Amino acid sequence: MLTLKRAVMATLVLAALGSPAQAQSLFGFDLRGSFGENGFDRYVPPVTMFVLNETPFITTEVKPIYAYHNIPDGFITQGGDVNAVAVQGRLALGDRLGIIATTDGWADVDFETTLPDATGFLDLAAGVKYAFYSVPEDGEIITAGIRYTAPIGGVDTAGIDLNGNGSGFLNTFVTAAKLWDKTQVQGTAGFQWGLSDENWSYIHTHGHVDYEITPGVFPLMEFNLLIPVDGGDQIPGANLTGADIFDLGAGNPDAIFTVAGGVRLRPLDNLIFGVAVEGNLPDLSGMATSVYGWRVTTDLTIHF
């Protein structure tokens, strides 16, 4: 996946230095994807749950991400926080097919009590997606995809693997968007299947709506729902829940339901900044013991 990201970044640099014709293709593939000739004219990707909430648009882009994550007091560590950095890459192979690299990076975890602090690399995830329905003139697109998460991360504490546990995950998803004059609505649904008994499995759904209040300014709202299907056996019987980045492998995890608000700003045609704040409603109400309290996510999407 790192090779893919280097290729995408090199392509973007060459695009900036070369001619428009050179910037639009690579080995005969149209790198503009969904935004090529007669394609869509607006791109506002989701911000939150970035490892799961995939845009339906086919793009060539590089996206550096920073997230600050609060661990709630109801968790066994009585609170704490996580700082995580990552870089996503996507490569369009025409207007329908794309390669995606959505999970990587580094995390620093600070617990208040009980468990020692932890730092390390995150797991790696990559896959493909295909827009089987794409009608730009009607502002409609539906895309299906699959990706694999390789358990090569190194974040662990007190013998508990927060990353790099088990055999990884296989994720299948469908994502769709509808664009009107100044509004976009997007929805995603998928299944994250833990490939070994150590990992948990869950259904995930996501919603996004944005509105362009002035040129290049898009306030947005999002929600994310993770519904456990099967717990893991790393912590048998424990009523503890990981999140989209970490997998505690607990036997009896709770659901996660986050609601977020934020904004995207487009200072240049191929540059869009995003920031959003989201909270896990069960934990904010004191009803669950999840590692997910609230999170601030920021990113910078550089795309064709």
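The first residue in the sequence is number 1, and the count goes up from there. These numbers come from a predicted model, not from an experiment.
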For residues 88-107, pull every pair meeting ring pair (Phe, Tyr, Trp, His ring centres under 6.0 Å), keeping only residues two or more places apart or in separate chains. Trp106-Phe121

Which of Val217, Val275, Ile272 passes side-chain contact (heavy atoms from CB on, under 4.5 Å) with Arg264? Answer is Ile272

Could you verify whether a donor N or O on one side chain and an acceptor N or O on the other, from Asn224 and Thr48, lie under 3.5 Å apart? yes

Using the ring centroid of each side chain, check whether Trp200 and Phe169 are separated by less than 6.0 Å. no

Tell me yes or no: between the side chains of Gln78 and Asp73, is some donor less than 3.5 Å from an acceptor? no

Is it true that a side-chain atom of Asn163 and a backbone atom of Asp123 form a donor plus acceptor pair closer than 3.5 Å? yes

Under a 3.5 Å distance rule, please check whether Thr188 uses its side chain to pair with a backbone N or O of Thr205 as donor and acceptor. no

Under 3.5 Å, is there a donor-acceptor pair linking the side chains of Asp247 and Asn199? yes

Decide whether Phe111 and Phe246 are clustered together by the hydrophobic rule: side chain heavy atoms of Ile, Leu, Val, Met, Phe, Trp, Tyr closer than 4.5 Å, transitively. yes

Establish, yes or no, whether a centroid distance under 6.0 Å links the rings of Phe40 and Phe57. yes

Listing request: all ring pair (Phe, Tyr, Trp, His ring centres under 6.0 Å) pairs with a residue in residues 250-279, at least two apart in sequence or in separate chains. none

Could you check if a side-chain atom of Lys63 sits within less than 4.5 angstrom of a side-chain atom of Leu300, using non-hydrogen atoms only? no

Using atom types as modelled and distance alone, determine if a side-chain donor or acceptor of Thr143 lies under 3.5 Å from a backbone N or O of Pro56. yes

Salt bridge present between Asp244 and Arg295 (N-O < 4.0 angstrom): yes

Side-chain donor-acceptor contact under 3.5 Å, His208 with His206: no

Aromatic plane relationship, His69 with Tyr292 - under 30° parallel, 30 to 60° tilted, over 60° perpendicular: perpendicular

Smallest heavy-atom separation, Ile58 atom then Gly94 atom, equals CG2-O, 3.6 Å

Please name the pair of heavy atoms, one in Ile76 and one in Thr113, separated by the smallest distance, quoted to 0.1 Å. O-OG1, 4.3 Å

Checking Thr59 side chain against Glu61 main chain: does a donor-acceptor pair fall under 3.5 Å? no

Taking the side chain as everything from C-beta on, heavy atoms only, tell me whether Gln186 gets closer than 4.5 Å to Thr55. yes

Are there more than 12 heavy atoms of other residues, nucleotides or ligands under 6.0 Å from atom CD of Glu137? yes

Donor on one side chain, acceptor on other, Tyr148 and Asn171, under 3.5 Å: no

Think Lys178 forms a cation-pi with Trp180, using NZ or CZ under 6.0 Å from the six-ring centre and within 45 degrees of its axis? yes

